[in-house]
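Reading through the structure tokens given below for one structure.
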Amino acid sequence: MSAREAAYERPFYVLLGPDGAGKSSVMAEVGARLPGWRMLSTDNAFLGPEHELVRRLRRHVVEDVLPNLGTSYSADFLASLLQTAVVHLKDQVGCQDGDVPLLMDSYYYKILAKCRLAGVGSNPMYSWWRSFPQPRAVVYLDVSAASAWRRSAEGARLNPLEYFGEHPEWLGFESFQKSLRKLMLEEVRDVPVTIIEERPSVGRTVDAVVEVLTS
């Protein structure tokens with residue numbers, strides 16, 4: 001086994017949840033409370049200057065591809081771009097020091113579920129993603145669709161991969177989020193999962209996450 005392959009054997013954890021669950025806020029606070037841990041994400045706040053390309057690709061997906069999905073760009077093209085985020089996260093697992101515990105945002109689980117909901121029912125990429133190293137455990141942040149809808153300013157902050165329909169409306173959002181939750185939990189059915197129910201504050205949610213990670 002090469003050093004790179006051995007690196008992928010190290011344990012890591014995945015923080016998963018539907019849109020509006022507050023994963024980015026929770027990860028930022030977990031990182032502050034557990035400074036010995038490394039937070040892995042494609043969110044801008046967690047990307048260094050050496051990964052500016054990942055930041056740009058994410059921006060182009062939201063600003064250029066999603067508004068023109070089904071016209072200028074196909075669902076398969078979207079899935080191909082989203083794969084860059086999946087591979088980046090997988091690569092980052094192999095780049096870390098062996099003694100640094102890792103918490104990763106969503107991994108491929110959420111992207112795969114969203115690709116399926118966007119119309120990519122099957123794709124050879126899925127089999128490759130599923131062959132990637134699996135986490136020691138998944139921490140799933142649950143949130144009601146009603147709370148997530150309020151956090152999105154009643155749809156004003158949503159992108160087209162967060163609801164069904166041509167425009168962000170409550171029924172399309174609720175239906176999409178229920179389907180997303182079902183597919184994500186289906187995807188992680190063979191991994192230990194701790195579901196953290198919705199808490200009244202980020203701090204209380206972080207308390208629960210930290211307890212799982214350090215137990």
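Throughout, numbering of the chain's residues begins at 1 and tracks the sequence. When reading the values below, keep in mind they use all heavy atoms of this one structure, side chains included, and skip hydrogens, waters and symmetry mates.
Between the side chains of R150 and S147, at least one donor N or O sits under 3.5 Å from an acceptor N or O.
Formation of a donor-acceptor pair under 3.5 Å by the E154 side chain with backbone atoms of S152 is not found in this model. Using a distance-only test at 3.5 Å, with no hydrogens or angles considered, a donor-acceptor pair links the side chain of E198 to the main chain of S144. A donor-acceptor pair is defined here as one N or O able to donate and one able to accept, closer than 3.5 Å; no such pair exists between the side chain of S175 and the backbone of G172.
Using the six-membered ring where Trp is involved, Y126 and W129 have ring planes that are tilted, between 30° and 60° apart.
Side-chain contact between V209 and L141 is present, with at least one heavy-atom pair separated by less than 4.5 Å. Taking the side chain as every heavy atom from C-beta outward, L213 and Y13 approach each other to under 4.5 Å. Contact check for V143 versus P18: side-chain heavy atoms found under the 4.5 Å cut-off. The closest side-chain heavy-atom distance from R136 to F12 is not below 4.5 Å. The closest side-chain heavy-atom distance from Y109 to V86 is not below 4.5 Å.
Here the CG atom belonging to L40 is positioned 8.0 Å from the CG atom belonging to L103, to the nearest 0.5 angstrom. We find the CE-OG distance between M125 and S80 to be 4.5 Å, quoted to the nearest 0.5 Å. Between the CG atom in L180 and the CZ atom in F173 there is a gap of 9.5 Å [rounded to 0.5 Å]. Interatomic distance, CG of L78 versus CD of Q83, reported as 12.0 Å (0.5 Å rounding). S74 OG to L69 CG: the interatomic distance, rounded to the nearest 0.5 Å, is 7.5 Å. Annotation: the span from D142 atom CG to T194 atom OG1 amounts to 12.5 Å, rounded to 0.5 Å.
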Anything under 3.5 Å between a donor and an acceptor, one on a side chain of residues 155-171, the other on a protein residue two or more places apart or in another chain? List them.
residue : atom : partner : partner atom : Å
R157    : NH1  : R151    : O            : 2.9
N159    : OD1  : L161    : N            : 2.7
E162    : OE1  : N159    : N            : 3.1

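The list of side chain to side chain donor-acceptor pair (under 3.5 Å) pairs with a residue in residues 16-39, not counting sequence neighbours, reads D19-K110, D19-K114, D19-Q177, S24-D43, E29-R33, R33-D207, R38-Q96.
Taking 4.0 Å as the cut-off between side-chain N and carboxylate O, E186 and R116 count as a salt-bridged pair.
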